[in-house]
Amino acid sequence: MNNLFGKSLTDLKDICIALGFPKFRGQQLYNWIYKKKVDSLNQCKNLPKQLIEKLETEDYGIYYPKVIKVLEDKQDATKKYLFEMEDGELVESVLMSYNYGNSVCLSTQVGCAMGCRFCASGKNGKNRDLKAQEIAGQLVAIERESGKSISNIVLMGMGEPLDNYEEVLKFIKFTNENLGIGQRHITLSTCGIIDKINDLANEDLQINLAISLHSPFQENREKIMPIAKENHLDDLIKATKDYFDKTGRRVTYEYTVIDNVNNRKEDALELKRLLGDSIHHINLIPLNPVTKNKRFTDNTVNLFFDELNKLGLKSTIRKSNGSNIEAACGQLRNRELEE
Ligand code: SAH
């Protein structure tokens, strides 16, 4: 199908003109798709029947990722979605409701090629990149299913956003222009691909950047995150500082706390040496165990938080939403594939 969701206002006008209709029909179509968020041409009530028929003959339609499964954590109202894309690939996303608004965590790839040891998304590698409209489609599909309007986006679902650079950039601009979500409400999380961080710094964007750090030691970081081998820690910190200097946007360091691996006293001290002199914010993430036999108490994270605090490092603990519903990225899809 030729998906109309994802087309710009200009594209929609051009399509209408090419089919022999005035360009204001393109504006009407635009309003139905991006303001009313309808999922079929037949719901576009003020469009002439002949236009709808012509669009259908040309194989145009409105398509969003199809909801396959929804899991809800009743305790914190987090919802996890499993979607099927047009080609049958499975993708997952999460809806989180906070007092300041609703936030979605979106996937940027089917699977992931980065292979971080603790992450479920990369277990079977990457199948393909998602297109900008497929990333945005997850958001609209969630709004349609939940009846909630979304104000914030984090690109922290399956995939590495900077390994799908062009489409992710398109997505940011598209969302801004057509879905009315400002760049300051979008956070891009990366495992730290240095040349792409440098490229991103020159794009003149207002988004928030989050770097998955997970260890202040090169050797340990390589063990947890294979990508660290080609993206050396010292160069990563330099690229992050340059990013801040160029954009003025504060960068967040994500740090998944893994007991006895990266929460020792020397880790805290080395973090202090690495980040202490710069403007920083560390977001501690409780490990969401991918294998069932490992469970860590919140205390593991609290103790490390205290340790960082004592050293004067600024950090917060991420509220672990949806832990009752396998909300760590990739878990739901893996289970579905296994079944
Ligand atoms: N590829 C990007 C974005 C997706 S992962 C990145 O690496 O940043 C989003 C965040 O969740 C990353 O910080 C990642 O390391 C973390 N994460 C992945 N699996 C996790 C798990 N099982 N428990 C806790 N954090 C996890």
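- Looking at T190 and E160, their side chains do bring a donor and an acceptor atom within 3.5 Å of each other.
- Between the side chain of Y81 and the main chain of V91, no donor-acceptor pair closer than 3.5 Å is present.
- Side chains of N208 and R250: no donor on one and acceptor on the other come within 3.5 Å.
- Using modelled atom types and a 3.5 Å distance limit, the side chains of E177 and S8 yield no donor-acceptor pair.
- The 12-atom threshold is not exceeded at NZ of K131, counting heavy atoms of other residues, nucleotides or ligands nearer than 6.0 Å.
- Of the charged side-chain nitrogens involved, none lies within less than 4.0 Å of a carboxylate oxygen, so that R128 and E89 do not count as a salt-bridged pair.
- Aromatic ring pairs are classed by plane angle as parallel below 30°, tilted from 30° to 60° and perpendicular above 60°; the pair Y30 and Y34 is tilted.
- Side-chain N/O atoms of N302 and D306 include no donor and acceptor closer than 3.5 Å.
- Side-chain atoms of E222 and Q218 include a donor-acceptor pair closer than 3.5 Å.
- Using a 3.5 Å distance cut-off with no hydrogens or angles, the side chains of Q28 and R25 do pair a donor with an acceptor.
- Between the side chains of Q133 and N3, no donor N or O sits under 3.5 Å from an acceptor N or O.
- D204 CG: 12 or fewer foreign heavy atoms inside a 6.0 Å radius.
- Here the two rings, on F305 and Y255, have centers that are 6.0 Å apart or farther.
- At least one donor-acceptor pair closer than 3.5 Å links the side chain of N176 to the backbone N or O of I181.
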